[in-house]
Amino acid sequence: MKFETLAIHAGRGPDSATGAVREPLHLSTTFERGADGAYPHGYDYTRSGNPNRTSLERAITALERGKDAIAFASGSAASLAVFALATPGGRIVCASDCYYGTGKQLRDIVPRWGIDVEFVDVSNLTEVSQALAVPTSLLWFETPSNPLLRVADIAALADLAHNRGTLVGVDNTFASPVLQQPLALGADVVMHSTTKYLGGHSDVLGGIVVTRDAGAECAALRQYQATAGGVPSPFDCWLLLRSLPTLPLRVRAQAANALAVARFLHADKRVEKVHYAGLPDHPGHEIALRQMSGGFGGVLSIEVPGGRDRAFAVAAKTQLFTRATSLGGVESLIEHRQSIEGPHSEAPAGLLRLSIGLEHVDDLIADLDQALDA
Ligand SMILES: *Cc1c(COP(=O)(O)O)cnc(C)c1O
């Protein structure tokens with residue numbers, strides 16, 4: 001079935017108890033046992049499973065064309081669940097240009113479990129190959145990356161890693177399954193901060209891991225979900241399910257807006273650099289053309305001359321763009337990344353990250369045009 005159809009129907013259907021066309025919200029934390037001690041509907045306690053969560057997991061499994069999906073209370077809880085698959089003595093190799101919270105987990109939490117962590121430039125296959133020469137449990141990266149919008153070659157990296165017996169995990173938050181499907185390109189697990197495009201309205205926090213196979217990793221993640229307990233609430237799952245039907249429409253329109261904004265900024269002398277894989281002079285453009293379809297995403301970064309002060313002044317002058325962190329919502333946001341990321345930030349001082357929303361693109365361009373006079 002096609003993506004648009006799955007986005008509306010996968011994991012859902014009229015409620016058999018009431019005929020409700022859209023899914024009821026199941027807030028109950030506990031479920032009745034049969035006289036024989038069994039659980040006739042398959043649910044016992046909401047931390048281990050809940051009908052709204054099951055629907056969400058089935059829907060996103062279908063959208064990423066995976067075998068199963070395991071939902072968490074945030075994207076951070078989801079990435080940590082994958083890192084927790086490594087056992088003491090294990091090793092994780094991660095892209096150096098990654099979401100700063102991911103880097104923080106791999107620097108501050110994971111090494112305490114007796115797991116070695118190395119950061120590499122994943123656009124350099126020789127560097128990755130050298131890093132994987134030491135037995136490695138997991139290779140982790142995101143593409144396009146945050147905040148420099150670098151592109152990693154999913155198929156080439158998966159090949160390299162699989163030749164060494166290394167599991168491949170891709171954070172697909174920026175592209176969403178609308179524009180990029182890493183499992184089909186060889187990734188073993190895909191992770192999302194569903195807070196971003198999947199939620200799409202900046203009103204729900206969540207994360208999910210989708211697995212390509214139903215094997216040992218999948219079972220371990222399912223076990224971890226119930227035991228560690230960082231699960232999403234039924235209402236959060238319900239909100240996410242409500243967002244999915246419009247996901248393809250939203251993401252393609254946001255990507256089209258972002259491309260128009262990127263072209264405008266690229267031609268503007270007041271902007272030093274535009275980081276967006278949809279521009280032909282972006283170093284990852286060819287790879288992005290090959291592995292993405294329908295657009296290059298709704299996020300781009302720009303660098304303005306004059307460093308931090310000038311970047312702050314531009315962000316202060318915008319009227320439509322809201323100065324706030326996060327991305328993927330219907331409203332456009334602008335953010336100075338270095339000042340939020342802290343000491344390990346790879347973001348240049350003059351860098352502003354733009355999350356392009358669904359406003360009319362002419363209004364967005366006019367707003368940036370007047371703000372760049374700051
Ligand atoms: C936001 C984000 C995360 C973390 O997700 P939370 O839901 O905020 O915990 C991870 N990766 C990427 C690429 C993100 O943008």
Side-chain angles (χ1 to χ4, degrees), residues 56 60 64 69-84 92 94-110 119 122 138 140-152 154 169-180 182 187 189-210 225 228-233 236-237 239-240 243 251 254 258 275-277 284 292 296-301 324-329 332-335 337 340-342 344-347 351 353-357:
L56 176 69
I60 296 180
E64 281 287 2
I70 301 97
F72 293 92
S74 68
S76 302
S79 56
L80 200 65
V82 180
F83 302 155
I92 295 175
C94 177
S96 47
D97 188 36
C98 67
Y99 174 66
Y100 81 111
T102 302
K104 208 162 152 53
Q105 291 184 337
L106 289 169
R107 272 187 300 269
D108 297 353
I109 299 178
V110 173
F119 292 93
V122 289
L138 174 71
W140 184 265
F141 57 92
E142 53 194 68
T143 179
S145 73
N146 183 12
L148 292 172
L149 284 308
R150 291 199 178 124
V151 174
I154 301 172
V170 176
D171 179 340
N172 201 28
T173 300
F174 268 43
S176 92
V178 180
L179 307 179
Q180 178 173 275
V189 298
V190 159
M191 167 260 168
H192 284 279
S193 166
T194 50
T195 315
K196 314 296 168 51
Y197 288 101
L198 297 179
H201 298 76
S202 307
D203 56 9
V204 58
L205 198 71
I208 202 155
V209 180
V210 190
Q225 176 193 43
V231 294
S233 75
D236 288 353
C237 297
L239 280 172
L240 281 163
S243 293
V251 168
Q254 280 166 299
H275 301 279
Y276 188 64
M292 300 178 83
F296 302 90
V299 179
L300 57 116
S301 292
T325 196
S326 201
L327 56 109
S332 293
L333 303 178
I334 186 164
E335 187 187 28
R337 281 306 289 177
I340 195 168
E341 290 190 354
H344 293 284
S345 177
E346 296 222 344
L351 182 135
R353 190 183 74 188
L354 277 55
S355 171
I356 304 299

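We count ligands from 1, going down the list as the structure has it; atoms in each ligand are counted the same way. Basis for what follows: all heavy atoms, side chains included, without hydrogens, waters or symmetry-related copies.
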ask   = Would you say Y100's side chain and N146's backbone share a donor-acceptor pair under 3.5 angstrom?
value = no
key: Atom indices of ligand 1, in the order listed, that fall short of 4.0 Å to a heavy atom of G206   = 7 (O)
inquiry  = Counting only heavy atoms, tell me which of D171, I208, V204 gets closest to atom 13 (C) of ligand 1.
reply    = D171
task = Kindly confirm or rule out an N or O of N146 lying under 3.5 angstrom from an N or O of ligand 1.
result = no
message = Donor-acceptor check, side chain of T173 to backbone of S193, threshold 3.5 angstrom: yes or no?
response = yes
inquiry  = Would R150 pass as a cation-pi partner of F141, given that its NZ or CZ must be under 6.0 Å from the six-membered ring centre and within 45 degrees of the axis?
reply    = no
remark   = Result for side chain to side chain contact (heavy atoms under 4.5 Å, CB included) between Y197 and one of V299, V178, L179 points to V299
task = Please identify which atoms of ligand 1 are closer than 4.0 Å to at least one heavy atom of T195.
result = 7 (O)
message = Under a 3.5 Å distance rule, please check whether Q225 uses its side chain to pair with a backbone N or O of V231 as donor and acceptor.
response = no
key: Proximal ligand 1 atoms for G75, defined as those under 4.0 Å from one of its heavy atoms   = 5 (O), 6 (P), 7 (O), 9 (O)
message = Return the closest protein heavy atom for atom 8 (O) of ligand 1 as residue, atom name and distance.
response = Y99 OH, 4.0 Å
message = Test your reading of the structure: does S76 have an N or O sitting under 3.5 Å from an N or O of ligand 1?
response = yes
message = Between T194 and G207 (side chain of the first, backbone of the second, donor and acceptor by atom type, cut-off under 3.5 Å), is there such a pair?
response = yes
request  = Looking only at protein heavy atoms, identify the closest one to atom 5 (O) of ligand 1 and say how far it is in Å.
outcome  = S193 OG, 3.0 Å
query = Do H192 and P177 come within less than 4.5 Å of each other through their side chains, counting heavy atoms only?
reply = yes
Heavy atom of the protein closest to atom 14 (C) of ligand 1 (residue, atom name, distance) = K196 NZ, 3.0 Å
